[in-house]
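Only one structure is covered here, and it is reproduced in the block below.
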Amino acid sequence: MKILVTGGAGFIGSNFVRYFLQQHPSASIINVDKLTYAGNLENLIDLEANPRYRFVRGDITDAAFVDSLAQEVEAIIHFAAETHVDRSIVSADAFVRTNVYGTYVLLEASRRYQHQRFVHISTDEVYGSRLEGFFKEEDPLSPTSPYSASKAGSDLLVSSYHKTYGLPAIITRCSNNFGPYQFPEKLIPLIITNALEDKPLPVYGDGLYVRDWLYVLDHCEAIDRIFHLGKPGEVYNIGGQGDKKNIEVVHLILEILKKPKSLIQYVKDRPGHDRRYAIDPNKIESELGWKPAYSFEKSLEETVHWYQTQMDWWKRIKSGEYLKMYEKIYGVPL
Ligand code: NAD
Ligand code: DAU
């Protein structure tokens, strides 16, 4: 089967492309990515010569461009998005464009070419925050940040295309991911890379905000299962019920790196900061037989090790070297 993956040069997308091609020797992938600041072709350098993989640079909001690729494939797995909550608070423009309008463009193309599957990668943030208990798939959406509101908007569009046109679309809502190739603006890679450089570790507010952390390869396996076995029109939560307070995560990273707690610096809180995300993964576990395979502590250690051994990768990003390299490759500034 030939699949169009959007946003495959980002963190989860690049892990997924590699995972999927390994798992399915007869599958081929076209990876379409705009290469925003978050997209990095270095993430998939090992696949450049793979005849089952093709990278095409482009924007999912460009309907003619998307159409030209959609006609070549039988399915779309849609990761491309603006993803960082703090950036959405500074400016929501690109979030609305890519996350809402870009998803609409893909849905139209998928409908036109009667694709067999449209898997929309969404997030647990669309449910909003709750102090106790766990959200189930049928709970109402109550997003709070411009990022999560744009993702909720895209979820509603996807389900409308299933209900109105019968598009075989499925929505996934995963909790916080971590692992190799995560852009060092997100909590775990930011803390690891700052600690490695003995820089201050910014902790928002009181540090007692709770997230459910899932290793990225567990997420990839869940998407693979949903792609093959999931029921069109359904939503699947993907989470490990591995709740941790932010400050606990920071302490664990410092322990692994043997760095002092004095690096921690409490800073101003994020506006509208969601206290706790928590989803119930019972549906995917009982209906599709998925369960997380990686323990949080062990995969956190492996992730820290990855950042220790891939200093060139993240130092280029953090120093802006990657931006210069991008200009050299594509001849235009980012
Ligand atoms: P990321 O920011 O690392 O990567 C996003 C990718 O999308 C980048 O390669 C970027 O260049 C590309 N992109 C952005 N705008 C584009 C456009 N207009 N056209 C084409 N490509 C474009 O994101 P991520 O953390 O890998 O997240 C991937 C998906 O998973 C997102 O939809 C996100 O909402 C969802 N998600 C992320 C997490 C998480 O913890 N990171 C958890 C749950 C769900
Ligand atoms: O829940 C899934 C979501 O997880 C995804 O949909 C988003 O794309 C992804 O960015 C992530 O959102 P969060 O806002 O939860 O992740 P982030 O890494 O930005 O922050 C995690 C927690 O850590 C949050 O409570 C804010 C806090 N934080 C974050 C940063 C970057 C800090 O205390 N200090 C920081 O420097």
Side-chain (Ser129) to main-chain (Arg275) donor-acceptor, under 3.5 angstrom: yes
Under a 4.0 Å N-O cut-off, is there an ion pair linking Glu255 with Lys261? no
Quick one: list whatever passes side-chain hydrogen bond (donor to acceptor under 3.5 Å, both in side chains) with Asp274, sequence neighbours left out. Thr144, Tyr277
Could you see if Leu190 belongs to whatever hydrophobic cluster contains Tyr266? Use Ile, Leu, Val, Met, Phe, Trp, Tyr and a side-chain cutoff under 4.5 Å. no
Do Lys318 and Asn194 pair up side chain to side chain, a donor and an acceptor below 3.5 Å, judged on atom types alone? yes
Under a 4.5 Å cut-off applied to non-hydrogen side-chain atoms, are Leu187 and Trp213 in contact? yes
Does the Asn43 side chain pair with the main chain of Gly39, one donor and one acceptor, at a distance under 3.5 Å? no
Using 4.0 Å as the upper bound for N to carboxylate O, is an ion pair formed by Arg276 and Asp243? yes
Could you walk me through whether Leu157 and Val100 pass the side chain to side chain contact (heavy atoms under 4.5 Å, CB included) check? CA-CA 8 Å; Leu157 268 176; Val100 183; 4.1 Å; yes
Decide side chain to side chain contact (heavy atoms under 4.5 Å, CB included) for Val267 and Val203; before the verdict, give the C-alpha distance in whole Å, the side-chain angles of both, and the deciding distance to 0.1 Å. CA-CA 6 Å; Val267 297; Val203 172; 6.0 Å; no
Tyr209 ring center within less than 6.0 Å of Tyr204 ring center: no
side-chain hydrogen bond (donor to acceptor under 3.5 Å, both in side chains) partners for Lys199, two or more places apart: Glu197
When you group the ILVMFWY residues by side-chain heavy-atom contacts below 4.5 Å and let the links chain together, are Phe118 and Tyr236 in the same group? no
Answer yes or no: is there a side-chain heavy-atom contact under 4.5 Å between Gln308 and Ile256? no
Residue among Tyr307, Phe11, Tyr215 satisfying ring pair (Phe, Tyr, Trp, His ring centres under 6.0 Å) with Phe178: Tyr215
Look at the side chain of Trp314 and the backbone N and O of Thr193, then say whether any donor-acceptor pair between them is shorter than 3.5 Å. no
Does some side-chain heavy atom of Leu44 sit less than 4.5 Å from a side-chain heavy atom of Leu47? yes
For Pro292 and Leu214, the nearest pair of non-hydrogen atoms, with its separation, is CB-CD1, 4.1 Å
If you group Ile, Leu, Val, Met, Phe, Trp and Tyr by side-chain heavy-atom gaps below 4.5 Å, do Val32 and Phe79 land in one group? no
Side-chain contact test, heavy atoms from C-beta onward, threshold under 4.5 Å: evaluate it for Pro202 versus Gln265 and give yes or no. no
Salt-bridged, Lys151 to Asp124, with N to O below 4.0 Å? no
Residues in side-chain hydrogen bond (donor to acceptor under 3.5 Å, both in side chains) contact with Asn31, at least two apart in sequence or another chain: Tyr53
Step through the shown structure and confirm whether more than 12 heavy atoms of other residues, nucleotides or ligands are within 6.0 Å of NE2 on His228. yes
Who pairs with His120 by side-chain hydrogen bond (donor to acceptor under 3.5 Å, both in side chains), at least two apart in sequence or on another chain? Ser154, Asp155
Tell me which pairs pass salt bridge (Lys or Arg N to Asp or Glu O under 4.0 Å) where either residue lies in residues 281-292, with sequence neighbours left out. Glu234-Lys283, Glu285-Lys291
side-chain contact (heavy atoms from CB on, under 4.5 Å) against Asp198, all qualifying residues, sequence neighbours excluded: Lys259, Leu263
How long is the straight-line distance from NZ of Lys245 back to CG of Asp206, given to the nearest 0.5 Å? 10.0 Å
Would you call Val5 and Ile30 a side-chain contact if the rule is heavy atoms closer than 4.5 Å? no
Would the distance check show the side chain of Asp33 and the main-chain N or O of Ala9 forming a donor-acceptor pair, the cut-off being under 3.5 Å? yes
Ring centres of Phe183 and Tyr37 under 6.0 Å apart? yes
Is a side-chain donor or acceptor of His115 paired with a backbone partner of Val73 at a separation under 3.5 angstrom? yes
Under a 4.5 Å cut-off applied to non-hydrogen side-chain atoms, are Ile77 and Thr6 in contact? no
Chi angles and distances behind the side chain to side chain contact (heavy atoms under 4.5 Å, CB included) call for Leu156, Leu141: CA-CA 10 Å; Leu156 295 178; Leu141 306 188; 4.1 Å; yes
Can you pull out every salt bridge (Lys or Arg N to Asp or Glu O under 4.0 Å) where at least one residue sits in residues 207-221? Sequence neighbours excluded, please. Glu221-Arg225
Donor-acceptor contact below 3.5 Å, side chain Glu74 vs main chain Lys2: yes
Could you check if a side-chain atom of His78 sits within less than 4.5 angstrom of a side-chain atom of Ile60, using non-hydrogen atoms only? yes
Do Trp306 and Trp313 have ring centroids that are under 6.0 Å from one another? yes
For Asn15 and Ile12, indicate whether the former's side chain and the latter's backbone hold a donor-acceptor pair under 3.5 Å. no
Closer than 3.5 angstrom, by distance alone: can the side chain of Ser14 be matched with the main-chain N or O of Gly10 as a donor-acceptor pair? yes
What pairs with Arg52 under salt bridge (Lys or Arg N to Asp or Glu O under 4.0 Å), at least two apart in sequence or on another chain? none
Given Phe20 and Ile3, is the side chain to side chain contact (heavy atoms under 4.5 Å, CB included) satisfied, shown in steps? CA-CA 10 Å; Phe20 198 83; Ile3 298 161; 3.3 Å; yes
Is a side-chain N or O of Asn237 found less than 3.5 angstrom from the main chain of Thr172, in a donor-acceptor match? no
Cut-off 3.5 Å, no hydrogens considered: what does the side-chain donor-acceptor table look like for residues 161-171, sequence neighbours left out?
| unit_1 | atom_1 | unit_2 | atom_2 | d |
| --- | --- | --- | --- | --- |
| Tyr161 | OH | Glu108 | OE2 | 2.5 |
| His162 | ND1 | Leu167 | O | 3.0 |
| Thr164 | OG1 | Ser160 | O | 2.8 |

May I ask you to decide whether Glu42 forms a salt bridge with Arg316, counting only side-chain N to carboxylate O separations under 4.0 Å? yes
Report the residues that fulfil salt bridge (Lys or Arg N to Asp or Glu O under 4.0 Å) with Lys298, sequence neighbours left out, ordered by chain and then residue number. Glu302
How would you list all residue pairs meeting ring-ring contact (aromatic ring centres under 6.0 Å, His included) that involve residues 83-114, not counting sequence neighbours? Tyr101-Tyr104
Would you call Phe227 and His24 a side-chain contact if the rule is heavy atoms closer than 4.5 Å? no
What about Phe55 and Ile76, same hydrophobic cluster or not, with Ile/Leu/Val/Met/Phe/Trp/Tyr joined at side-chain heavy-atom distances under 4.5 Å? no
Heavy atoms from other residues, nucleotides or ligands near CD of Gln310 exceed 12 (cutoff 6.0 Å): yes
How close do Ala152 and Pro143 get, heavy atom to heavy atom, and via which atoms? CB-CG, 3.7 Å
Cluster question for you: counting only ILVMFWY and a side-chain heavy-atom cut-off of under 4.5 Å, with indirect links fine, are Ile192 and Met311 together? yes
Which residue pairs pass the salt bridge (Lys or Arg N to Asp or Glu O under 4.0 Å) test with at least one member in residues 82-99, sequence neighbours excluded? Asp86-Arg270, Arg87-Glu185, Asp93-Arg97
How long is the gap from CD on Gln116 to OG on Ser110, to the nearest 0.5 Å? 10.5 Å
